[in-house]
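Data first, discussion second: the structure below is written as structure tokens.
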Amino acid sequence: MTGIGAAQPRLEDPDLLTGHAKYTADLAHDAAHAVFVRSQHAHGRIVALDTATARSMPDVVAVLTAEDLAAVGPIPFAHAGGEISAEFHRRPLACDVVRFVGDVIAVVVARTRAAALAAAEQVGVDVQPLATAVTIEEALASNALLFPASGTNVAVSSVLNSPGPDRPASAETVSVTTHVVNQRMAVAPMEPSAILAVPHGDELTVWVSTQMPHSLRDLICELLRIPPAKLRVICPAVGGGFGGKTPYDSDYLTIVAVAHHLGVPVRWCQSRAENLTTMLGRDHRFDVTLRARPDGRIEHLAVQAVTNVGAYAGVGVGMIHTARAFATGPYDIAGLRYELRCVTTNTAPTGAVRGAGRPEATHALERAVDELADRLGIDPAELRRRNFIRPEQFPYRNAAGATYDSADFDAALSEAMRLVQYDQLRAEQNSRRSGGDHGLLGIGIACYVEVSANPEGFDREHASVEITEKGDAVVVVGTSAHGQGHHTIYAQIVSTVLGIAPDRVNLVQGDTGQVPRGVGTGGSRSAQIGGSAVHAACTEVLHRARELTAVILGTSVARIAVRSDGLGRADGHGRPVPWSELARHARLGTHGPPAPLRAAPEFVQGGGTSPFGSHIAVVEIDPATGRVTLRHIVAVDDCGVVLNPLLADGQVHGGLALGIGQALFEHSEYDAAGIPTTASLAQYRMPSAADLPRYALGRTVTPTDKNPLGAKGLGEAGSIGALAAVHNAVADALRPLGVRGLHPPFTPERVWQALQATRR
């Protein structure tokens, strides 16, 4: 089988594994090299900037400052809560004030990277230090304002209040309040950011490692006032994005502005240190209060959410709005009050990381649900079941206004409990505790729901399909892959509808010169939205080809069906007409108007879909050392119809690694002065395969009726459930010893210190 549902091996891999695929840094082009002069101060006023020595050094083309790029406007970012106040906008280069270690003060352009690095060392920067606010607490409490004209470090604040039905208060009502921390973490794709901008006359071609080439083109055109027809953005192979390579990357925009200003080709390749200190996400604090009846039925949820968006409010603002949309998760909670604040600090700006708000929402809620279960003495699985939205309630609109199209939460939880042997695990845990076993066993559950193909505008995509006179299919699509396997999935859709073998499907993507429009890749949208657009184009091609075949064979359209390598009579009689012959007839117009055998409909889904699932983690903790061992993790995820189980498992594997990494290992840290202390992979504890257990994966299948494939998103599922499941497991193991309020990452040192404090 090669169509939808088959475990088709990835068509992308041979080129990637043999080196035939080229990344942006591999492109051979006679271009100058750019190096950024970055601030070494977390906050300060630039009182002197000396570039004369650097400009005079051998092979230096130019040294540019904010004054040289003054015509480039601030970087806009509209979010779900409205426009960010102008006081908080960011310009490509720091002007007068630096606001975090890494803020770009100048750009050195030289004929070689070595020359650019040497010249950058000679740029003299005199900074008068200003008071710093590194943490959320400092930013809220101090007078260290990043933008004094605003009078505050709070860039965005809002309150959503959906009180639900008016029920009389009961003396038996139970309330629990839980403080939940999502620490800052690095995106850390295998390939750091890279860009090559080449002017030619009044036109520009940009090769870049990004997730959304069309959106990047449009933003560049807006900032530099270039007509879209004069700018071409191309994505070669991209070594991972995970939400970090958005169009709003200030460094990318700066390099294009530099090339445009100088009129010479310029390239920039981000160092790993730059990547680990500037491509960051998460950093949220939640105070979550659940109010429930004695039987465990949750009636109201209140959340106070504060997020550290770093020095400039941008993409990070969108993450907390997404978290708000899924605050009530898979539970039928009628009442919600959600207060949010986005706070600027003297740290690097935050953006999206895989999950982009949904892991944060799940983490906050699932921790509170476990605390409520403990307070009421109800098994955590049973408490969740009592509060699930029931299948007959769909489509369901939650208290925050998000709509879920379909789900069966109990089925996913039941399957996860079966796979992990939940009852036996609880029996083992009880036996250990009653027998005084020093090894601590913890079991953690996390149930989640999200909306993929979100936010607004992510529910539409362009695709075209054309049959060539060789009998191949050419798919042109507006999504842009960075490791997901789009070529394979789209080829399987073509194979299902048209019967053309996957290895005869050619994919064109990530090039605004060849793809007329596109939204790009993010929000777990590509398989369902891009795939549905490809499916719609294939369906139109098939319709026209059946009409053409009916004329050629002298029969009715109703009697034409897909046969091996073409179309023919459905009863199997006679020869099929090969696709190559149909394409030739169509081009020549031998049986109608001449036109390529091609279709290019737009697909609009009309909102997102709601993937969901249940993850269960099992940990063991050595109380003598604080070491947490993840013994087992089960992930049961429902993405509707699974288009390729091999790729689906791979997506979940990657997401689980990120969620487990956040729970046990990863943390982007700063010292009290705002200096990053995790600027290398020797300091930033990203897990390797040796640190992770084998995964047990399961599925339930709840198709959506919002697209012809019945598919929902899956790319972020693992990251959404794993963090909360592991955290709940660690908390479950430590609870009998009185350890509470411990936040990830659960490193041996952190757990050991908590145990020592409890003993004292």
Taking the side chain as everything from C-beta on, heavy atoms only, tell me whether Leu664 gets closer than 4.5 Å to Pro745.
no
Would you call the rings of Phe409 and Phe388 parallel, tilted or perpendicular if under 30° counts as parallel and over 60° as perpendicular?
tilted
May I ask you to decide whether Asp423 forms a salt bridge with Arg418, counting only side-chain N to carboxylate O separations under 4.0 Å?
no
Across all chains, not counting sequence neighbours, the ring-ring contact (aromatic ring centres under 6.0 Å, His included) partners of Phe242 are none
Say whether, by atom type as modelled, one donor and one acceptor occur between the side chain of Ser680 and the main chain of Ala682 under 3.5 angstrom.
yes
Tell me which one of Gln651, Arg699, His615 satisfies side chain to side chain donor-acceptor pair (under 3.5 Å) with Asp637.
His615
For Tyr312, which of Thr350, Asp103, Thr344 qualifies under side chain to side chain donor-acceptor pair (under 3.5 Å)?
Asp103
Answer with yes or no after comparing the ring centroid distance for Phe100 and His41 against a 6.0 Å cut-off, counting only values under it.
no
Set of residues satisfying side-chain contact (heavy atoms from CB on, under 4.5 Å) with respect to His482, sequence neighbours excluded:
Gln211, Val238, Gln484, Thr521
Supply the atom-to-atom distance Leu425 CG to Gln421 CD, rounded to the nearest 0.5 angstrom.
7.0 Å
Do other residues, nucleotides or ligands put more than 12 heavy atoms under 6.0 Å from Arg90 CZ?
yes
Determine whether the aromatic ring centres of residues Phe286 and His179 are separated by less than 6.0 angstrom.
no
Could you tabulate the donor-acceptor pairs under 3.5 Å formed by side-chain atoms of residues 717-737, not counting sequence neighbours?
from, atom 1, to, atom 2, distance (Å)
Ser719, OG, Arg354, O, 3.3
Ser719, OG, Glu716, O, 2.7
His727, ND1, His363, NE2, 2.7
His727, NE2, Arg367, NE, 3.4
His727, NE2, Leu742, O, 3.3
Asn728, OD1, Arg367, NH1, 2.7
Asn728, ND2, Glu366, O, 3.4
Asn728, ND2, Ile445, O, 2.9
Asp732, OD1, Arg735, NH1, 3.4
Asp732, OD2, Arg426, NH1, 3.2
Asp732, OD2, Gln429, NE2, 2.6
Asp732, OD2, Ile443, N, 2.9

Before giving the answer on side chain to side chain contact (heavy atoms under 4.5 Å, CB included), spell out for Ser39 and Arg99 the whole-Å C-alpha distance, their side-chain angles and the decisive distance to 0.1 Å.
CA-CA 8 Å; Ser39 172; Arg99 295 181 173 88; over 6 Å; no
With rounding to the nearest 0.5 angstrom, report the CD to CG distance, Glu274 to Asp251.
7.0 Å
